[in-house]
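Only one structure is covered here, and it is reproduced in the block below.
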Amino acid sequence: MLDVVVDHLQFAYDKNTLVLGDVNLTANAGDFICLLGQSGCGKSTLLRLLAGLEKSDPNQLRIGGKSVEKPSLDRPMVFQDYGLFPWMTAGENIGIALKQKYPDWTKEKRREVALEWMDNLGLEPELHDKLPRDLSGGQKQRFGVARAFAIDAPLLLMDEPFGALDAVTKALLQDTVIDLWSKEKDHRKTIFFVTHSVDEALLLATDIVVLGQAPSKVIYTHHFDESNKPKRETLFTDPAVNDLRTKLTQIIYEESTERARRLEAERAAQHTN
Ligand SMILES: Nc1ncnc2c1ncn2[C@@H]1O[C@H](COP(=O)(O)OP(=O)(O)OP(=O)(O)O)[C@@H](O)[C@H]1O
Ligand SMILES: [Mg+2]
């Protein structure tokens with residue numbers, strides 16, 4: 001439910017190396033943005049800036065009209081490595097987020113809502129009291145997603161959340177996330193979702209955004225209307241979707257070969273000097 005404006009965003013971890021060169025994009029409230037791009041191009045960096053985990057120039061990044069000063073419960077992030085506190089039970093990991101968001105709630109209320117969200121994500125109630133180390137990767141991932149959805153934030157940041165899952169678990173979680181997002185018809189969350197899978201982007205996104213090599217900028221965008229949004233049933237049979245898949249794959253491939261050529265040229269130049 002939040003507009004995000006990224007306006008000529010630049011970012012460097014150390015002064016000499018720009019990671020984000022000139023990123024421009026706008027997400028309207030309720031958009032589901034899938035970010036694609038080769039490893040190291042700055043996708044996680046962009047998410048960390050949106051989360052307020054890294055500091056951006058206030059003129060270059062605005063969320064809901066405001067600059068991003070620090071992390072907020074309005075912008076939870078789901079990490080690829082789950083991000084659960086290992087010393088708390090899995091259920092308490094949801095509970096602690098609820099406590100921060102709704103300080104007046106009793107412990108019982110927090111437990112009740114945590115169990116509801118676990119159920120939404122297909123997690124058995126017995127798992128509530130287990131430590132994260134005693135859960136499978138897929139279960140931990142579900143807890144991470146449940147925690148982010150439970151606090152009902154207007155903006156969700158998801159960094160390759162399903163990258164390490166088997167195909168069936170991945171498909172189930174993708175469907176769950178689409179259901180949770182789409183059923184809030186008039187007040188859908190704005191979601192930024194990083195993935196390496198073109199098919200995952202085709203399935204989930206209202207908008208696909210491809211970042212080029214670092215120092216990166218947006219090299220391609222594609223918007224789906226409600227009417228032409230790919231569905232799981234036709235993901236591999238619809239000719240328009242197949243054409244778009246080919247195009248996206250080609251763009252990403254060409255960008256990576258271009259990078260390999262550039263690195264080779266730099267190495268050769270160093271050798272000559
Ligand atoms: N904390 C950090 N300090 C310094 N450099 C960093 C830090 N985090 C990332 N980088 C560098 O910034 C660049 C972009 O990293 P980032 O993690 O954003 O890429 P990515 O697109 O998410 O890659 P991947 O697809 O592999 O996850 C890389 O060169 C990386 O080494
Ligand atoms: Mg990353």
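Whatever order the structure lists ligands and atoms in, that order sets their numbers, starting from 1. All values derive from a computational prediction rather than experimental measurement.
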Query raised in the report: With distance as the sole criterion, is a donor-acceptor pair present between the side chains of Ser256 and Gln38 under 3.5 Å?
Result: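 Their side chains do not contain a donor-acceptor pair, so the 3.5 Å distance test is not met.
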### Query
Below 6.0 angstrom between ring centroids: does that apply to Phe32 and Phe224?
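Judged by ring-centre distance (under 6.0 Å), Phe32 and Phe224 do not meet the cut-off.
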Check your understanding: Measuring from each atom of ligand 1, which residues have a heavy atom under 4.0 Å away?
Key ->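 Residues Tyr13, Val19, Gln38, Ser39, Gly40, Cys41, Gly42, Lys43, Ser44, Thr45, Glu160, His196 each place a heavy atom under 4.0 Å from ligand 1, listed by chain and number.
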Is [X] salt-bridged to [Y], going by a charged N under 4.0 Å from an acidic O?
X: Glu69; Y: Lys55; value: yes
X: Glu258; Y: Arg262; value: no
X: Arg188; Y: Asp31; value: no
X: Lys43; Y: Asp159; value: no

Protein N/O/S atoms closer than 2.8 Å to the Mg ion (ligand 2):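 Atoms qualifying: Ser44 OG.
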Close side-chain approach of Met77 to Leu47, heavy-atom, < 4.5 Å
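SC-SC contact between Met77 and Leu47 confirmed.
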Notebook entry, point to check: According to the interplanar angle, ranging from 0 to 90°, do the rings of Trp117 and Phe149 count as parallel (below 30°), tilted (30 to 60°) or perpendicular (above 60°)?
Noted result: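 Rings of Trp117 and Phe149: parallel, as their planes differ by under 30°.
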Using 30° and 60° as the class limits, which term best fits the ring planes of Phe11 and Tyr13: parallel, tilted or perpendicular?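 Ring orientation of Phe11 relative to Tyr13: perpendicular.
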